[in-house]
Asks: 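The structure that follows is given in the form of structure tokens.
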Number of protein chains: 2
Amino acid sequence: MTLQYALLGFLNYGPMTGYDLKKLLDTSTQMFWHAELSQIYPQLKKMEKEGLVTVMCEPQAGKPDRKYYTITPHGRAVLLQWLSEPLDEVLPDKDPVLLHLFFAGALNKQVILSQLRLQLELRRAYLSRVEGEVAGFIQETIRVTGQKRDGLFWELIRRYGAEQTRTSIAWLEEAIQLIEKELS
Amino acid sequence: MTLQYALLGFLNYGPMTGYDLKKLLDTSTQMFWHAELSQIYPQLKKMEKEGLVTVMCEPQAGKPDRKYYTITPHGRAVLLQWLSEPLDEVLPDKDPVLLHLFFAGALNKQVILSQLRLQLELRRAYLSRVEGEVAGFIQETIRVTGQKRDGLFWELIRRYGAEQTRTSIAWLEEAIQLIEKELS
DNA sequence: CAAGGCATGTAAATCGTTACATGATTTA
DNA sequence: TAAATCATGTAACGATTTACATGCCTTG
């Protein structure tokens, strides 16, 4: 169901194909939402049947037609309805890395340390991407589209990701030190 | 597949029933992993067929038998194998709250602010639970079970949750101020 | 006396991933 | 010339949720 709202959210900016939507999911929301084409295409079909979007085919030579989906007034109403719902969830609920760590006591010190060091590396790399590329991409998108109001939220979310990652990094550094000292 | 490792991880402490495992998932790992009984029971059955666990039935009057599952040497090997794998994931990948916020530009200022204020409230409540109840529960569990080594990881994960939540809170406070000032 | 805990499950539906299929064009 | 991009999809499988089913015992 949530994927539906993600698609409606993007279609609210203008008509697009499933392929276009996939690219937007990959470049804009991949840190907190994504989907495969094999999920997107059937979802769009379902949304059309429910009157949330309409389709227009643009023939192409040698390729399948581009199928442009346009959000309907009803689709827009459904999107706004969802967006207006109170944000009453507390946390994203599955994190395999933490589950891993929860049982890590069964491993020896060196294996655990190398796992944590890999995480540290990955998160540092991620942070530098968020502070570099991602920040630039958002500014560029705001410049090109003139979406200042929406851009405020994009930038806010980017900063959230950066702050969470910084916190992870600091925690990993401490955890590594602690384990080096305290664990036998 | 991950649920399997969660169950093996707990069964590695000793034989248990599906019902017991559900309670452990609810009290110990609910912040980063959980499952319903309707998923746990079939999963255990499957694990038995694969030789990861064995079952022993303890008859009860008026209730279904308690079915105790015991981890096998093979099960332990499979668990250790999984635990030893490098932690190469970067982030938990779906967060409906962020997706919501990503499209929040379509809403009016007051609705957005009340949504963010609700999030702030929820995260503050969550933090106080993590710093209170949860911390106490971990200390108590370490005291009762004598699992000092494992307890180190439980406490580390708890602190991770607390730090991430503190970061969320600070970010939400800033975001609310910014939106109050900058947004029309 | 109703609600919740104990203890087991099954069935149906939804959500999501991976693999497969086509076929032209562009890039390395 | 191999791989990636464009553009559509289907099929099979696996993961997860929700609803249903039983029946006793304990707590409010």
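Remember, predicted model here, so these are calculated numbers, not experimental data. Numbers restart at 1 for each chain; the letters A, B, ... are given by sequence-line order, proteins then strands.
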Asks: When the nearest nucleotide of DNA chain C is assigned to B/K94 and to B/K63 on a heavy-atom basis, which residue is associated with the more 5' position?
Replies: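 Whichever sits nearer the 5' end wins; that is B/K63.
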Asks: Taking atom P of D/dA15 as reference, at what distance in whole Å does atom CD of B/Q43 sit?
Replies: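 Atom-to-atom, B/Q43 to D/dA15, this comes out as 7 Å.
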Asks: For B/K109, look at atom NZ and say whether over 12 heavy atoms of other residues, nucleotides or ligands are found less than 6.0 Å away.
Replies: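 Enclosed: over 12 neighbouring heavy atoms sit under 6.0 Å from NZ of B/K109.
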Asks: When we call it a touch if two heavy atoms are under 4.0 Å apart, what does A/T2 touch: a base, just sugar-phosphate, or nothing?
Replies: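 No contact.
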Asks: I need the CG-P distance between A/D26 and D/dA4, as an integer number of Å.
Replies: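 Between P of D/dA4 and CG of A/D26: 15 Å.
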Asks: Can you tell me if the side-chain N/O atoms of B/Y41 get under 4.0 Å from OP1 or OP2 in C/dG9?
Replies: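 Checking C/dG9 against B/Y41, no side-chain N or O comes under 4.0 Å of OP1 or OP2.
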Asks: Using whole Å, what does the distance between atom C1' of nucleotide D/dT10 and atom CG of A/L44 come to?
Replies: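 Going from CG in A/L44 over to C1' in D/dT10 covers 15 Å.
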Asks: With a 4.5 Å heavy-atom cut-off, do A/Q39 and A/L3 have their side chains touching?
Replies: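 Counting from C-beta outward, A/Q39 and A/L3 do come under 4.5 Å.
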Asks: Aromatic contact between A/F103 and B/Y5, with the criterion being ring centroids under 6.0 Å apart: yes or no?
Replies: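 No, ring centres 6.0 Å or more apart.
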Asks: Provide, to the nearest angstrom, the distance between the CD atom belonging to A/E58 and the P atom belonging to D/dA7.
Replies: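 Spelled out: CD on A/E58 to P on D/dA7 is 9 Å.
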Asks: Using atom CG of B/L21 as one end and atom P of C/dG9 as the other, report the distance to the nearest whole Å.
Replies: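 Rounding to the nearest Å, CG of B/L21 and P of C/dG9 are 12 Å apart.
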Asks: Just the rounded figure in Å: distance from P of D/dT18 to CG of B/L37.
Replies: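 That distance rounds to 14 Å.
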Asks: Ignoring backbone atoms, establish whether A/K45 has a side-chain N or O less than 4.0 Å from OP1 or OP2 of D/dT10.
Replies: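 So the side chain of A/K45 is within the cut-off, an N or O lying under 4.0 Å from OP1 or OP2 of D/dT10.
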Asks: Measuring to OP1 and OP2 of D/dA7, would you say a side-chain N or O of A/Q60 lies under 4.0 angstrom away?
Replies: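 Yes.
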Asks: Among D/dA7, D/dT17, D/dG9, which is the nearest nucleotide to the side chain of B/E36?
Replies: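 So the nucleotide nearest the side chain must be D/dT17.
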Asks: Hey, which of these two, A/Y68 or B/A35, hits DNA chain D nearer its 5' end, going by closest nucleotide?
Replies: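 First, find each residue's nearest nucleotide; the 5'-ward one identifies A/Y68.
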Asks: Closest-nucleotide mapping onto DNA chain C: is A/H34 or B/P42 further toward the 5' terminus? I mean the 5' end.
Replies: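 Its nucleotide being nearer the 5' end, the pick is B/P42.
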Asks: Expressed in angstrom and rounded to an integer, what is the separation of A/Q39 atom CD from C/dT14 atom P?
Replies: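 Whole-Å distance recorded here is 13 Å.
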Asks: Taking the side chain as every heavy atom from C-beta outward, state whether A/M56 and A/K67 have any atom pair closer than 4.5 Å.
Replies: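 They are not in side-chain contact.
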Asks: Would you find a donor on one side and an acceptor on the other, under 3.5 Å apart, between the side chain of A/W154 and the backbone of A/I142?
Replies: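 No.
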Asks: Tell me whether the OP1 or OP2 atom of C/dA11 has a side-chain N or O from B/S38 closer than 4.0 Å.
Replies: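 Looking at the OP1 and OP2 atoms of C/dA11, neither is under 4.0 Å from any side-chain N or O of B/S38.
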Asks: Under 4.0 Å from OP1 or OP2 of D/dG9: is there any side-chain N or O of A/K67 that close?
Replies: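 So the side chain of A/K67 is within the cut-off, an N or O lying under 4.0 Å from OP1 or OP2 of D/dG9.
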Asks: Can you tell me how far C1' of D/dT17 sits from CE of A/M1, to the nearest Å?
Replies: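 Nearest whole value for this atom pair: 14 Å.
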